[in-house]
Amino acid sequence: ADSVGERIKTLRLERGYTLRALAQRSGISQGTLSMIENDTRDGENLTARTIRRLAKALGTTTDYLVGMYKDETEQEEFLAAAVA
């Protein structure tokens, strides 16, 4: 997934959440989530608060959502190396 919206949608589907369920978990409206996922609302311009809420609701990190890592495995390997 290349964009913030694509990463959010991929994680949402992997976790089996509907847009409505993610909206309830994150406190972000279903309409806003839909716009983010479909890149009609630029994910690069989301507030830090919105990114944090989505990361928490999806059980991931803000770093992954904003594209610092290409996938969650790469992030886990980086974090494990940083701790070692």
Side-chain angles (χ1 to χ4, degrees):
D2 295 325
S3 71
V4 174
E6 288 171 332
R7 281 189 286 279
I8 290 167
K9 185 173 189 173
T10 297
L11 287 176
R12 176 177 66 77
L13 295 173
E14 284 176 0
R15 283 144 174 73
Y17 299 149
T18 60
L19 265 176
R20 183 174 181 212
L22 182 56
Q24 290 172 333
R25 290 178 64 91
S26 65
I28 297 164
S29 80
Q30 200 170 321
T32 297
L33 286 173
S34 180
M35 287 191 299
I36 293 167
E37 283 190 1
N38 293 304
D39 292 319
T40 50
R41 173 161 178 199
D42 186 9
E44 308 300 318
N45 291 326
L46 296 177
T47 65
R49 182 172 184 235
T50 297
I51 293 286
R52 282 194 306 269
R53 289 165 81 172
L54 285 168
K56 184 175 180 184
L58 289 164
T60 192
T61 65
T62 56
D63 285 351
Y64 174 71
L65 286 185
V66 299
M68 191 171 281
Y69 304 99
K70 67 179 179 260
D71 60 40
E72 287 184 291
T73 306
E74 181 187 18
Q75 175 186 324
E76 288 163 10
E77 290 168 359
F78 174 82
L79 294 175
V83 172

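Here the structure is a predicted model, which is why all the values come from computation and not from measurement.
Of the inter-residue distances, the one linking Arg52 atom CZ with Thr62 atom OG1 reads 8.0 Å to the nearest 0.5 angstrom. Taking CD1 from Ile8 and CD1 from Ile51, the interatomic distance works out to 5.5 Å, rounded to the nearest 0.5 Å. How far CG of Leu54 is from CD1 of Ile28: 3.5 Å, rounded to the nearest 0.5 Å. Remark: Arg15 CZ to Leu13 CG distance equals 10.5 Å, nearest 0.5 Å. Leu58 contributes atom CG, which lies 5.0 Å from atom CG of Leu22 (distance to the nearest 0.5 angstrom).
Listed here is the closest heavy atom pair of Arg25 and Tyr17: CZ-OH, 3.1 Å. Across all their heavy atoms, Ala23 and Ser29 have their closest contact at CB-C, 4.1 Å.
When the side-chain contact (heavy atoms from CB on, under 4.5 Å) test is applied to Thr18, the partners found at least two apart in sequence or on another chain are Arg20, Ala21. Here Arg53 pairs with nothing under the salt bridge (charged side-chain N to carboxylate O under 4.0 Å, His left out) rule; sequence neighbours left out. Under the side-chain contact (heavy atoms from CB on, under 4.5 Å) criterion, Leu19 pairs with Arg12, Gln30, Leu33, Ser34, Glu37, sequence neighbours left out.
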field: Verdict with reasoning, Leu11 to Leu65, per side chain to side chain contact (heavy atoms under 4.5 Å, CB included)
entry: CA-CA 9 Å; Leu11 287 176; Leu65 286 185; 3.8 Å; yes
